[in-house]
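Some notes on the structure that comes next.
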Amino acid sequence: MPNATAVINLDIEGPTISRHLYGHFAEHLGRCIYGGFWVGEDSEIPNEGGIRLDVVEALRALNIPNLRWPGGCFADEYHWRDGVGPREERPRMVNTHWGNVEENNHFGTHEFMALCELLGAEPYISGNVGSGTVREMSEWVEYLTRDGDSPMVRLRKDNGREEPWKVKYWGIGNETWGCGGNMRAEYSADLARQYATYCRDHGDNKLYRIASGASDADYKWTETLMQQISCFGCDATPRNFFQGVSVHYYTLAGPWEAKGSSTDFDTDDYYRTMLAARRIDDLLTGHSTVMDIYDRGRTVGLVLDEWGTWWDVEPGTNPGFLFQQNTMRDALVASTHFDIFHKHAARLHMANIAQTVNVLQAMILTDGDQLVLTPTYHVFEMNKDHQDATSLAVHLKADEARRTVGDAELTTVSVSASVKDGKVLVSLSNLDAGEPAEVTLDLRGGTLGTPVARLLTADAIAGHNTPEAKETVAPRPFDGVKATDGALTLTLPPHSFLTLQAPLN
């Protein structure tokens with residue numbers, strides 16, 4: 001049985017793990033909005049103002065911190081004025097990116113803001129740079145956040161909202177290197193400065209503007225953006241055009257043209273997926289290193305506002321709707337991502353999984369009035385106490401817990417830890433598909449009280465939940481933690497995720 005030891009320094013505190021690392025993403029794509037979040041006021045499915053309440057209840061249990069909307073690629077063909085005012089008078093549009101279907105714009109700005117209020121989540125709005133105008137985005141900011149009297153304030157009040165909302169997070173475009181305009185980095189960076197200039201702070205609503213950033217390992221794109229606000233090796237505070245820079249990364253087991261099935265895969269596919277998931281550590285390190293050269297004080301945040309697994313769509317579904325099942329494999333991609341996010345908490349300000357309902361690596365799958373919580377959902381729920389906690393230094397020795405994958409080596413144990421409100425939370429993953437792992441937590445600088453542990457696993461790596469079997473993959477109590485002198489030991493089953501929480505003495 002492979003052995004691993006994690007040294008956890010209980011008295012060495014690291015940076016705060018922003019709750020926004022547990023953010024979500026909802027695009028007008030497939031059944032994420034219509035049929036997912038939105039069923040309409042006339043639906044027999046319980047709703048409030050058309051917003052589906054069982055979805056809201058499930059997400060509130062995650063302490064969902066933020067929700068990104070309306071895209072994605074859709075954001076750069078979305079014109080916000082088409083989605084305000086009486087619903088029956090809103091113009092229709094064609095969603096050319098996703099399925100070439102017609103949208104009725106019944107879910108727009110007011111509906112999204114009502115959803116965020118029900119969720120208790122901060123809105124993150126992605127603005128249209130690809131096909132929109134500076135004026136259009138500037139007026140959207142004014143419409144949502146300005147008080148007093150102005151043309152956009154009067155329009156908002158005419159549409160039924162007297163008081164302004166608080167909207168901190170604004171995306172200046174999306175994937176401008178691709179579906180957001182196929183731009184060069186230099187041109188996109190100039191637009192980021194221009195749009196950010198006219199996205200103004202109104203009253204006490206202070207914007208956090210996020211410039212559309214790189215795909216994968218395009219470090220040159222990040223450098224081009226950083227050059228707009230600072231200089232190489234400067235000690236000065238960067239200019240305040242934008243406060244965040246985005247990056248996108250999706251986990252695939254194979255080539256883009258043949259991503260593979262979400263449920264029908266073998267152990268080779270599984271290990272390639274785990275290796276690809278761990279690559280996010282190198283990418284975050286690379287982008288952070290570039291940013292450090294221009295922003296030594298780390299005042300500008302790195303924002304991973306699209307991440308997750310991407311498989312071939314389920315057979316018989318619209319290929320433009322990106323509907324895929326969600327298995328134990330997906331859950332372990334999420335758990336290892338979070339360990340890496342915690343490691344990069346000093347620079348990484350936000351991360352948004354793609355996507356929340358019925359699309360890609362979803363938290364929730366709906367079918368009519370049925371709702372299924374996915375294995376990935378349970379990882380978010382089990383990890384939620386890491387939000388706004390203080391990260392703890394963890395040093396992993398796992399010489400035996402390794403697998404050779406192609407010409408690379410995969411460490412099959414992953415760990416992170418944090419402390420908040422006098423409690424320590426440790427997250428542990430065993431990525432080995434077939435072998436358990438004996439793990440020792442070597443506790444330094446303090447002691448822990450009685451731990452409470454929960455385990456997420458399945459009979460097979462492709463285990464998943466359905467309307468007929470909703471609890472196939474769900475957390476269970478785990479009583480296999482043993483306390484010895486200054487340490488805790490446990491055996492992690494194959495392909496499993498475990499959280500352990502205990503008071504810090």
Side-chain angles (χ1 to χ4, degrees), residues 18-29 32-41 46-72 74-75 78 80 83-84 87 105-128 137 140-147 152 156 159-171 174 199 201-210 244 303 305-306 349-359 362-364 366 377 380 384 387-388:
S18 169
R19 68 185 182 278
H20 292 295
L21 300 187
Y22 286 81
H24 297 260
F25 174 31
E27 184 168 7
H28 287 244
L29 197 173
C32 184
I33 299 298
Y34 298 104
F37 281 113
W38 177 261
V39 292
E41 293 171 303
N47 68 87
E48 184 170 322
I51 297 168
R52 185 169 176 155
L53 288 177
D54 55 353
V55 170
V56 168
E57 180 183 7
L59 293 174
R60 284 183 64 89
L62 303 181
N63 296 343
I64 175 173
N66 66 68
L67 185 62
R68 181 176 181 243
W69 171 86
F74 180 82
Y78 180 70
W80 69 269
V84 297
R87 292 194 194 104
N105 275 314
H106 282 191
F107 189 92
T109 296
H110 288 250
E111 290 77 18
F112 173 65
M113 295 305 298
L115 170 61
C116 289
E117 289 175 344
L118 286 172
L119 291 171
E122 287 196 53
Y124 170 17
I125 289 180
S126 185
N128 183 346
M137 190 168 176
W140 203 4
V141 175
E142 178 186 337
Y143 182 90
L144 278 160
T145 67
R146 187 175 177 85
D147 201 358
M152 292 302 103
R156 183 188 71 232
N159 289 330
R161 173 75 181 195
E162 188 71 22
E163 298 298 320
W165 289 281
K166 294 288 186 184
V167 185
K168 177 180 179 180
Y169 293 107
W170 289 82
N174 168 78
C199 289
D201 296 337
H202 293 283
D204 60 356
N205 187 81
K206 306 301 181 185
L207 303 188
Y208 190 100
R209 306 164 186 86
I210 300 167
V303 176
D305 53 14
E306 289 187 29
H349 177 73
M350 180 188 289
N352 304 78
I353 191 166
Q355 294 184 11
T356 312
V357 188
N358 290 331
V359 173
M363 304 294 102
I364 296 167
T366 64
Y377 173 96
F380 273 73
K384 66 183 179 181
Q387 294 184 30
D388 287 337

Can you confirm whether [X] sits close enough to [Y] that some side-chain heavy atom of one is under 4.5 Å from a side-chain heavy atom of the other?
X	Y	answer
L207	N205	yes
L29	Q355	yes
V357	M363	no
R19	N63	no
Y143	W80	yes
R68	N174	yes
V359	E27	no
M350	E122	no

* In terms of the angle between their ring planes, are H28 and F74 parallel, tilted or perpendicular, with boundaries placed at 30° and 60°? -> parallel
* **The single option from H202, R156, E142 passing side chain to side chain contact (heavy atoms under 4.5 Å, CB included) against P164** => R156
* Should D201 and R146 count as an ion pair when the cut-off is N to O under 4.0 Å? -> no
* To do: Determine, for K166 against E117, whether the closest basic-nitrogen to carboxylate-oxygen distance falls under 4.0 angstrom.
  => no
So which atom in [X] and which in [Y] form the shortest heavy-atom distance, rounded to 0.1 Å?
X	Y	answer
G127	W140	CA-CZ3, 4.4 Å
W69	I33	CD1-CD1, 4.1 Å
L115	V56	CD1-CG2, 4.1 Å
Y78	G108	OH-CA, 3.7 Å

Roughly how far apart are [X] [atom1] and [Y] [atom2], rounded to 0.5 Å?
X	Y	atom1	atom2	answer
N47	L53	CG	CG	6.5 Å
F107	I51	CZ	CD1	6.0 Å
I353	D305	CD1	CG	13.0 Å
K168	I125	NZ	CD1	14.5 Å
N66	F25	CG	CZ	12.0 Å
T366	F37	OG1	CZ	10.0 Å

* To do: Any salt bridge (Lys or Arg N to Asp or Glu O under 4.0 Å) involving residues 54-63? Give me the pairs, sequence neighbours left out, ordered by first then second residue.
  => R52-D54
* Evaluate side-chain contact (heavy atoms from CB on, under 4.5 Å) for K384 paired with Y22, printing each intermediate quantity in order. => CA-CA 8 Å; K384 66 183 179 181; Y22 286 81; over 6 Å; no
* Asked: Any side-chain donor paired with an acceptor under 3.5 Å for W170 and S126?
  -> no
* Asked: Between H20 and Y124, is the gap from one ring center to the other below 6.0 Å?
  -> no
* To do: Evaluate the side-chain contact (heavy atoms from CB on, under 4.5 Å) criterion for residues M113 and L144: first the C-alpha distance (whole Å), next the side-chain angles of each, then the deciding distance (0.1 Å), finally the verdict.
  => CA-CA 9 Å; M113 295 305 298; L144 278 160; 3.8 Å; yes
* Asked: So, does Y377 use its side chain to make a donor-acceptor pair with the main chain of A58 at under 3.5 Å?
  -> yes
* Side-chain (D388) to main-chain (S18) donor-acceptor, under 3.5 angstrom -> no
* **Candidate pair N358 and I364, rule side-chain contact (heavy atoms from CB on, under 4.5 Å), full reasoning** => CA-CA 6 Å; N358 290 331; I364 296 167; 5.9 Å; no
* Between F112 and W165, does a ring pair (Phe, Tyr, Trp, His ring centres under 6.0 Å) hold up when you go through it step by step? -> CA-CA 12 Å; F112 173 65; W165 289 281; 9.8 Å; no
* Are H24 and F380 close enough, and set up right, to give a ring pair (Phe, Tyr, Trp, His ring centres under 6.0 Å), and what steps lead you there? -> CA-CA 11 Å; H24 297 260; F380 273 73; 4.9 Å; yes
* To do: Using the side-chain contact (heavy atoms from CB on, under 4.5 Å) rule, take M137 and C199 through it: C-alpha gap first, then chi angles, then the decisive distance, then the call.
  => CA-CA 7 Å; M137 190 168 176; C199 289; 3.7 Å; yes
